Each structure stands twice: as C-alpha cells, then as structure tokens.
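Since the structure comes first, as structure tokens, the remarks are kept for the end.
Only a predicted model underlies this, so the values are computations on that prediction, with no experimental measurement involved. Chain A is the first sequence line, chain B the second, and so forth, proteins listed ahead of strands; every chain is numbered from 1.
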Amino acid sequence: MPVTDTTQPEELNASEFEQEVFEQKAVRMAKRDKLNAQGGLGGGAYPVALPITHTIPAVRAEFGKLEEEADSRSGVTVGVAGRVVFQRNTGKLCFAALQSGDGTRIQAMVSLAEVGEESLASFKELVDLGDHLFVQGEVISSRRGELSIMVTEWQIASKAIAPLPNVYKELNEETRVRQRYLDLIVREQARVNVVTRARTMASLRKTFAERDFLEVETPMLQVMHGGAAARPFVTHSNAFDTELFLRIAPELYLKRALVGGIERVFEINRNFRNEGSDSTHSPEFAMLESYEAYGDYNSIADLTQTLIQNAALAVNEGTEREGSHEVLWADGTLFDLGGNWDRISMYGTLSEALGREITPATPVDELQQIADTEGVQVPHANHGKLVEELWEHFVKGGLTRPTFVMDFPVETSPLVRQHRDIEGVVEKWDLYINGFELATGYSELADPVIQRERFVEQAALAAQGDDEAHPIDEEFLRALEHGMPPAGGMGMGMDRLLMSLTGLGIRETILFPLVK
RNA sequence: GGGCCUAUAGCUCAGUAGGUAGAGCAUCGGACUUUUAAUCCGCGGGUCGCCGGUUCGAGCCCGGCUGGGCCCA
C-alpha cells in the first residue's frame, strides 16, 4: 500500500523500482534519508568506520561479574556495535538489546541525564528494531542487575529499511531457507549449525594434514563427466563453443593426481547431479574424496572412521560432551559414533535376510523373481543392480549404528578393483549411518585394460538407455596406462556427514540450499 | 511418478455454516528514568498465492496452475 506521508513525498517516489512501499519500510526510509542528510561523507545511515573497542562477547567475558551486584559500575568505557533486537523506550530512559552475530546480547541504556535532551529525542526518533547500532559508554549493571552499557555517545551503524521479523517466533520453513540471514538472526539452532559445519570441515582438514594428505582442487566444469553413476547438468562454453558438464564427482581427476605421484590426496568441493531433492538429496552437494596410494578399502575404511570420529570430537569441543564421540542431535537424542564400526557383507546379510543363499553366481532370473514378489522395481536390471536393490529393500532400513557394508557386485562399480578372494565381487564398501549412505570406499581399479572393458560394458548400458551409465573417458584411460599405484579411495557426502552429526535434514545443514 | 497437507497484515498464526477478515508481536500518534515479548490511551495496515468456475454472494465449495512441506514408489 503506498504511503501518503506529505513530509517525504519526493524521496518515496524517487525510486522507480520500488513499486509499493508498505508503511514500516516507508518510515524507515525516511529515517535513512534524514540520517544521510545529517551525516558527513563517512557517516550517515551507513558509516564507514566506528570506534569499536570490544565485541559483545568480549564485554560479557570481561565484565560479566558485574551482574553479581545490581547497580554497580566498572569505570570502564567501551564502544560496541550490534543489531537492535529489543527496544523499550520510556520518557527519559531507553533500553535496547544489541545482538552480535553469534547471538550474544548486551543491553544499552540511553538516559536523559547522560546524553541530554536532543540526543535522547533523536535516539527515540531514529533507532528501530533491526538496525545495527554503535554505542559508547561505561559498562555497568542495571538496577535489575543486567550487564549494560550506560550510553554517552551513540550512532546508527547500519540502518535497516526492512523490519526485523518477530524474534520470538521461528520463521516458517520456507522463509528460513529462502531468507537464511533472517533465520540466523532469529534462531539459535541456525547459528549453531553454521558453527558445527565449520568445525567439522576444519577437523577433516586437520585429520588429513596430520596424515600428510594434500588438498587439491580439480575441475568442476568438465568436457566429459564421470566418476559416478548420475545424470549431469549440461552447460555451454561460448569461447570453446562446446558442451560442458558440471562434475558429478572428482574421482577421475584425483586418480590422475595419483598417477602423477600425489600419493595422499583429498578434495572437498561441490558436486552437481541433475536430480530432485528430498530430505537426504540436494542437486548441489559438498563432497569429500580422498585417495591413499598403497592403501586399500580396509585402510581407507579405518581413515574414514577416524575422520568422522575426530569430527564428532571437534563438534563436542567446549560442550559437556567434550572428549566423547556421542553427538547431540537436534531432537535431543544422543548418537554414538564411537568404537570400532561393524563391517558386514552385502551378500551375507542379504542371504540371511532372505533365508536363502545369494552369491555372485545367483542367476538374474532368480533375483528378478524375488524382486517381483516383493514389488521391488529395478530399471535396467542386471545381477548387480538387483542385489543392491534387494539389499536396500531387506537390510538397509535396520542399520542405525555406523556400519560398513562390504563387497559389492561388480556390475554396479565400474571403477573398483576385483575382490582379491571372491569372484564376481569388488572391494567396495558403503558406510551407512542411521539408515542412509554416508560414504563409499574402494580398492581402486588400477588395471587400464580391465578399466577399458568396464567402460565398454557401461557404454553398452548407456546405449540401452541407462542415462546414469558411465561414459568412456579416453583421457583417463591414457593416464591409467602410465601406471596408477594401488590405492584405497573414499568419497563422503559432507552434507550427510553434518546430518549424522546433528540429526538434521539436508536443507538445514546447507546454509543456502537451492530453492526454486 | 502417485497420495496427503499447505499458501490470509512486516513476522507468526486464527478464521466457525459460504454473508466483503481477526489476534499476538511489529508499525504510527500520545504518556512514562530501570524495561525484560513492560503498562496505559488512541490510530492505521489485507488483490486472503495466481487463473477460472459454481453462487444473489467465495478466504471458505469445485477445477487448473505455481511455490512449499510430508509420505509412498
């Protein structure tokens, strides 16, 4: 609704792109204009610099004990800035709660006796909820014993034109995601999630560094996508006049790095898969991949367990669970990531669940029959896909504790080495935590001839219409022909790792998830 | 892909049977020097997601579309 404030008509009509300005915004815009008119070049509603001496948490840490005695004074003058999240103005005394980014608050008191009539009136006129405010004054405790700053000077640090949402109610789910910045202002859990993620990432890098792994960055725009079974996003390069793919995995480049002698290597970066999203999938997701020369799928499983357990320790640092691998989920349950995680066999557990022996030699017809009876639909079915789908159908749901599921059928894992003892099986594991797949690890396939055969088989699948089949990557094969050391490799979804550390859905672990 | 739920003021939400919309916070005007979602007085604020239909009359009923959520495959 357009506002008919006769004192500011020019300003309100000046901005052409602003079709309608609702009342609260119009009021704040008028205040912004007034501040800008008053301020000098470096000041106004958005000053360039402020004489800040302390952060709000620093004031709390240094002067917190003043709260033990009401109406006490420190004799120390500080300058702090924060967002106004609470305001109470009376005739001659104003209160404002300033909040810093981490959610810590401190009270500012603006008293007629300290600042004089003009400054007090101006404060009441120009300061709104949601503004960033700078205050300078003595640190005191109020009559109610609350740590406060008795203001002598104040200045708007940044004028908010849009009103702050209700800080006592959480935003609805959609607004939380679309306007995460508001979510972060209003909701403690949103702030905690960011810290947890950052700590986790730092911990992973630290664990790698301690083991002499090097972090690299490989192409995200690729001429040929590969390294996983997934549909890619396609884009176009104007300069090259060619089709490019957003990567679905960094694997084939990290293996080139292995060939080149970067023997312990990892990358943490984004993958893109042209699929829908749900509570465990996002089209754009952060992925960790790591390769260890002269390791295998056992050593890389050990590493994976250590990486996650160290991350749990990092998340618990400074909490009452310090030193524990038990993480606290958002719903209040404690989830134990400690101990040595079970390693179970895919064929073995599927056989147990079905009450009949399933082996790599079990014919496709027999598996298809079981699938049909159970109503499990498997597109482009072959032995491997059927075994995996049946395993997911019968066994997966029961896995809550962290579990490595070992030894997969060969058809579905074109980049994995044949098992050293079992025919028809590859040395691959999937790590399941709380029923979803968190990571996968291999003894990597180093034989360039077998690798070529696997690619050719995949190309046949692609020809049959499987759009997740792996394309033949000649450049990668050429690298393999120069000799890749035997290696263990691992890939782990970062967003899912955060899910298992926090118990949240994927959209809560991603700061700005994709929204239409 | 299928099913269910959902969209109303800046924010969070009510809205009975179909009769042109309410609350809390926020905002606006006034009072208040210790407030903690203060209190008191007064006033505003809505294309009820979009398009169509039924009806004398639609926030409500019907169809379609769009966004969001949940469950299933």
Side-chain angles (χ1 to χ4, degrees), chain A residues 1-8 18-31 66-67 69-73 83-99 105-117 119-121 123-131 137 140-151 160-179 181-183 185-187 275-281 371-372 374-379 389-390 392-393 396-397 504-508 513-516:
Chain A
M1 148 262 358
V3 155
T4 51
D5 177 353
T6 50
T7 62
Q8 302 287 341
E18 203 67 49
Q19 303 252 318
E20 288 180 68
V21 177
F22 58 90
E23 183 190 12
Q24 296 191 44
K25 193 165 176 180
V27 167
R28 286 154 190 260
M29 280 173 74
K31 294 177 184 179
L66 281 184
E67 291 199 325
E69 195 182 337
D71 223 357
S72 57
R73 308 181 56 145
R83 189 184 291 274
V84 178
V85 291
F86 175 86
Q87 217 180 353
R88 192 95 298 142
N89 294 344
T90 69
K92 292 171 181 136
L93 179 64
C94 299
F95 300 89
L98 305 188
Q99 179 174 292
R105 294 180 181 183
I106 193 157
Q107 176 166 275
M109 296 167 67
V110 184
S111 158
L112 175 67
E114 292 288 335
V115 301
E117 220 164 285
S119 174
L120 183 73
F123 184 90
K124 284 197 259 190
E125 184 194 348
L126 296 174
V127 178
D128 288 307
L129 271 178
D131 292 350
I140 63 160
S141 66
S142 72
R143 262 180 225 168
R144 293 290 192 87
E146 180 167 344
L147 191 66
S148 308
I149 292 165
M150 182 53 81
V151 174
I161 295 304
L164 189 71
N166 188 342
V167 289
Y168 307 102
K169 296 273 190 180
E170 294 183 345
L171 297 167
N172 73 45
E173 235 169 309
E174 188 175 356
T175 312
R176 267 193 216 177
V177 170
R178 287 187 188 274
Q179 293 179 273
Y181 47 92
L182 295 179
D183 191 27
I185 294 167
V186 157
R187 194 166 62 102
E275 296 159 1
S277 58
D278 59 30
S279 59
T280 58
H281 292 82
D372 291 343
E374 283 295 320
V376 178
Q377 286 179 17
V378 185
E389 291 290 337
L390 288 173
E392 286 189 16
H393 182 75
K396 182 172 120 175
L504 297 168
I506 197 165
R507 283 157 68 88
E508 294 285 302
L514 179 68
V515 276
K516 235 171 132 181

Taking the [atom1] atom of each, how far is [N] from [M], in whole Å?
{"N": "B:G15", "M": "B:U36", "atom1": "C1'", "value": "32 Å"}
{"N": "B:G53", "M": "B:G45", "atom1": "C1'", "value": "32 Å"}
{"N": "B:A14", "M": "B:A7", "atom1": "C1'", "value": "15 Å"}
{"N": "B:G63", "M": "B:U27", "atom1": "C1'", "value": "40 Å"}
{"N": "B:C51", "M": "B:G24", "atom1": "C1'", "value": "34 Å"}
{"N": "B:A58", "M": "B:G18", "atom1": "P", "value": "13 Å"}
{"N": "B:A37", "M": "B:C50", "atom1": "C1'", "value": "36 Å"}
{"N": "B:C41", "M": "B:G19", "atom1": "P", "value": "32 Å"}

Now, which nucleotide makes the Watson-Crick or G-U wobble pair with [N], with each of the two distances under 3.5 Å?
{"N": "B:A58", "value": "none"}
{"N": "B:C4", "value": "B:G69"}
{"N": "B:G42", "value": "B:C28"}

Distance-only donor-acceptor test, A:Glu170 side-chain atoms vs B:U12 base atoms, 3.5 Å: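 No, no donor-acceptor pair under 3.5 Å.
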Looking only at heavy atoms, what is the nearest atom pair of [X] and [Y], with distance?
{"X": "A:Arg83", "Y": "A:Gly130", "result": "NH1-O, 2.8 Å"}
{"X": "A:Val110", "Y": "A:Val115", "result": "CG1-CG2, 3.8 Å"}
{"X": "A:Val151", "Y": "A:Glu114", "result": "O-CB, 3.5 Å"}
{"X": "A:Gln107", "Y": "A:Ser142", "result": "NE2-CB, 4.1 Å"}

Choose from [options] the nucleotide whose nearest atom is closest to any side-chain atom of [X].
{"X": "A:Thr175", "options": "B:U12, B:G44, B:A26", "value": "B:U12"}
{"X": "A:Met109", "options": "B:U34, B:U12, B:U27", "value": "B:U34"}
{"X": "A:Tyr168", "options": "B:G10, B:C28, B:C25", "value": "B:C25"}
{"X": "A:Ser142", "options": "B:C28, B:U36, B:A37", "value": "B:U36"}
{"X": "A:Gln24", "options": "B:U12, B:U34, B:A26", "value": "B:A26"}
{"X": "A:Arg178", "options": "B:A26, B:G68, B:C11", "value": "B:G68"}

- prompt: A:His281 and A:Glu275: side-chain donor and acceptor closer than 3.5 Å?
  reply: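 No.
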- prompt: Looking at side-chain heavy atoms only, is the closest gap between A:Ile140 and A:Met109 below 4.5 Å?
  reply: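 Heavy-atom side-chain distance check passes, below 4.5 Å.
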message: A side-chain contact here means heavy atoms from C-beta on lying under 4.5 Å apart; do A:Val515 and A:Arg507 qualify?
response: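 A side-chain contact exists here, since the closest heavy-atom pair is under 4.5 Å.
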To the nearest Å, give me how far apart [atom1] ([X]) and [atom2] ([N]) are.
{"X": "A:Phe86", "N": "B:C25", "atom1": "CZ", "atom2": "C1'", "value": "12 Å"}
{"X": "A:Leu66", "N": "B:U34", "atom1": "CG", "atom2": "P", "value": "21 Å"}
{"X": "A:Leu147", "N": "B:U34", "atom1": "CG", "atom2": "C1'", "value": "15 Å"}
{"X": "A:Ile106", "N": "B:U36", "atom1": "CD1", "atom2": "P", "value": "19 Å"}
{"X": "A:Gln87", "N": "B:A26", "atom1": "CD", "atom2": "P", "value": "10 Å"}
{"X": "A:Asp128", "N": "B:C25", "atom1": "CG", "atom2": "P", "value": "18 Å"}
{"X": "A:Met29", "N": "B:U27", "atom1": "CE", "atom2": "C1'", "value": "16 Å"}
{"X": "A:Leu171", "N": "B:G10", "atom1": "CG", "atom2": "C1'", "value": "12 Å"}

message: Any base atoms under 4.0 Å from A:Leu182, or only sugar-phosphate, or nothing? Heavy atoms, all strands.
response: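 Touches nothing.
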task: Assign each of A:Gln179 and A:Glu174 to its nearest nucleotide of RNA chain B by heavy atoms, then name whichever residue's nucleotide is nearer the 5' end.
output: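 Upstream on the strand: A:Gln179.
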task: Would you kindly compare A:Glu125 and A:Asn166 by the position of their nearest RNA chain B nucleotide and give the one closer to the 5′ end?
output: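 The residue closer to the strand's 5' end, by nearest nucleotide, is A:Asn166.
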Restricting to side chain to side chain donor-acceptor pair (under 3.5 Å), what partner residues turn up for [X], sequence neighbours left out?
{"X": "A:Asp71", "value": "none"}
{"X": "A:Gln87", "value": "none"}
{"X": "A:Tyr181", "value": "A:Gln179"}

message: Heavy-atom count check: over 12 atoms from other residues, nucleotides or ligands less than 6.0 Å from A:Lys124 NZ?
response: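 Yes, NZ of A:Lys124 has more than 12 neighbouring heavy atoms, counting only those of other groups under 6.0 Å.
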query: Under 4.0 Å between a side-chain N or O of A:Lys31 and OP1 or OP2 of B:C28?
result: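 Answer yes for this pair, as a side-chain N or O of A:Lys31 is under 4.0 Å from OP1 or OP2.
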Polar-atom pairs under 3.5 Å, protein N or O versus N or O of nucleotides 31-33 of chain B: list them with distances, or write none.
residue, atom, partner, partner atom, Å
B:C32, N4, A:Asn89, O, 3.3
B:U33, OP1, A:Lys92, NZ, 3.2
B:U33, OP2, A:Lys92, N, 3.0
B:U33, N3, A:Ser111, OG, 3.4
B:U33, O4, A:Ala113, N, 3.3

Between CZ on residue A:Arg176 and CD on residue A:Glu508, distance to nearest 0.5 Å: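 If I round to the nearest 0.5 Å, the distance is 5.5 Å.
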Reported CZ-to-CG distance for the pair A:Phe86 and A:Leu129, which is rounded to 0.5 angstrom: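 Going from CZ on A:Phe86 over to CG on A:Leu129, the span is 9.0 Å.
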Please tabulate, one pair per line, each protein N/O and nucleotide N/O from nucleotides 69-73 of chain B that are separated by under 3.5 Å, including the distance.
residue, atom, partner, partner atom, Å
B:G69, OP1, A:Arg507, NE, 2.9
B:G69, OP1, A:Arg507, NH1, 3.3
B:G69, OP1, A:Arg507, NH2, 2.7

- request: Starting at the 5' end of nucleotides 1-8 of chain B, put B wherever the base has a protein heavy atom under 4.0 Å, S where only the sugar-phosphate does, and a dash everywhere else.
  value: --------
- request: Verify, without hydrogens or angle tests, whether A:Gln99 (side chain) and A:Ile185 (backbone) share a donor-acceptor contact under 3.5 angstrom.
  value: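 Side chain of A:Gln99 to backbone of A:Ile185, a donor-acceptor pair under 3.5 Å: yes, one is there.
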